[in-house]
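The block underneath contains the structure these notes are about, expressed in structure tokens.
Numbers here are sequence positions counted from 1. Computed from a predicted structure; not experimentally measured.
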Amino acid sequence: MAVETHISDPSLAAVLETSKAARDQALALVDLVAQESAATGNAPLDLDILASISKQQKLLNTNLAHLRGLHRSAHLRARETKGQTAEARHEVDVLHLQLQNLYYEQRHLEGEILSCESFDHTYQLLPLAPVEEFLAAHPEHAEDDESALMIARIEHERMEREALEQQRLELQKRKQKLIADNKKRRDDLANLDKDLEKFIDAAKPIQKMFEKVT
């Protein structure tokens, strides 16, 4: 396969084309000089032949100069392309590093999520009402997702406990009141017993007077 088929850059293709033309012209010039020298032997070459050779040399020099210019331009473009390639490689390396950091962060977050999902949360230990029983009493939560349903069950449990606590406090107040009332009655009965004893003691002389009269 020819080298030209692998070249897609127009500037490099021009270098190859000019190089081939200069090579062909140089070979043709060498063949011309050799042919004329063999034909004339040691005799000087004819002026027309020398003029033709000189003309070919000038054309060859022109092509060589053009070739050197193209080569210099191609070399500068190659250096520029090399710099651009290095910059692009650096950008790729930076992006690759950022991607690796993102992968690391993703694995870290996945680990944190797994830890959170496997963590024994306190709310899981709460003696909540069964889901079926809760939904039967509150059908408006039937379409809730797992998280929203758990929040609603916890809120329901909180409200139930607050209501029970309120009832307990009210019963405690009633109990304290009953205890106070019972104590007051016991005190009243004790005072009544004392008054009765005093009354009996005070009535004893009168009783003795009646006993003497009778």
Next item on the list: Starting from Leu99, walk the hydrophobic network (Ile, Leu, Val, Met, Phe, Trp, Tyr; side-chain heavy atoms closer than 4.5 Å) and list everyone else you reach, by chain and number.
Entry: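 Hydrophobic cluster check, Leu99: joined to Tyr103.
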
Check: Hydrophobic clusters join Ile, Leu, Val, Met, Phe, Trp and Tyr when side-chain heavy atoms are under 4.5 Å apart, directly or via other members; which others share one with Leu27?
Finding: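 Noted: Leu27 shares its cluster with no other residue.
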
Approximate separation, where rounding is to 0.5 Å, of [X] [atom1] and [Y] [atom2]:
| X | Y | atom1 | atom2 | value |
| --- | --- | --- | --- | --- |
| Leu97 | Leu102 | CG | CG | 9.5 Å |
| Asn101 | His96 | CG | NE2 | 10.0 Å |
| Glu162 | Leu164 | CD | CG | 10.5 Å |
| Asn182 | Asp187 | CG | CG | 10.5 Å |
| His90 | Leu95 | NE2 | CG | 9.5 Å |
| Lys55 | Leu59 | NZ | CG | 6.5 Å |

Margin query: Taking salt bridge (Lys or Arg N to Asp or Glu O under 4.0 Å) as the definition, give me every residue that meets it alongside Lys175, ordered by chain and number, with sequence neighbours left out.
Written below: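 Here no residue qualifies.
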
Next item on the list: Kindly write out the residues that satisfy salt bridge (Lys or Arg N to Asp or Glu O under 4.0 Å) with Arg161, not counting sequence neighbours, or none if the list is empty.
Entry: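 Residues passing salt bridge (Lys or Arg N to Asp or Glu O under 4.0 Å) with Arg161: Glu157.
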
Who pairs with [X] by side-chain contact (heavy atoms from CB on, under 4.5 Å), at least two apart in sequence or on another chain?
| X | result |
| --- | --- |
| Pro139 | none |
| Gln84 | Glu80 |
| Lys184 | Asp188 |
| Asp181 | Lys177, Arg185 |

Next item on the list: State whether a side-chain donor-acceptor pair under 3.5 Å links Gln106 with Glu110.
Entry: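 On atom types as modelled, these side chains qualify, holding a pair under 3.5 Å.
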
Next item on the list: Establish, from distance only, whether the side-chain atoms of His141 and Asp144 form a donor-acceptor pair under 3.5 Å.
Entry: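 Yes, a side-chain donor-acceptor pair sits under 3.5 Å.
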
Please report, to 0.1 Å, the donor-acceptor pairs under 3.5 Å made by any side chain of residues 145-154, with sequence neighbours excluded.
| unit_1 | atom_1 | unit_2 | atom_2 | d |
| --- | --- | --- | --- | --- |
| Asp145 | OD1 | Ser147 | N | 3.3 |
| Asp145 | OD1 | Ala148 | N | 2.7 |
| Arg153 | NE | Ala129 | O | 3.3 |
| Arg153 | NH2 | Ala129 | O | 2.8 |

Check: Does Glu155 come within less than 4.0 Å of Arg158, counting only side-chain N to carboxylate O?
Finding: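 Salt bridge flag = yes for Arg158 with Glu155.
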
Checklist line | Pairs touching residues 148-189 that satisfy ring-ring contact (aromatic ring centres under 6.0 Å, His included), sequence neighbours left out | finding: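 Qualifying pairs: Phe134-His156, His138-His156.
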
Check: Got a sec, which pairs hit ring-ring contact (aromatic ring centres under 6.0 Å, His included) with one end in residues 59-84, sequence neighbours left out?
Finding: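 The answer is none; no pair qualifies.
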
Got a sec: does the [atom1] of [X] have more than 12 other heavy atoms crowding it under 6.0 Å?
| X | atom1 | answer |
| --- | --- | --- |
| Glu17 | CD | no |
| Gln176 | CD | yes |
| Arg23 | CZ | no |

Check: Taking it one step at a time, do Arg89 and Asp93 satisfy salt bridge (Lys or Arg N to Asp or Glu O under 4.0 Å)?
Finding: CA-CA 6 Å; Arg89 183 181 295 111; Asp93 292 341; 5.9 Å; no

Notebook entry, point to check: Tell me the salt bridge (charged side-chain N to carboxylate O under 4.0 Å, His left out) pairs involving residues 163-174, sequence neighbours left out?
Noted result: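 Matches after skipping sequence neighbours: Glu165-Arg168.
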
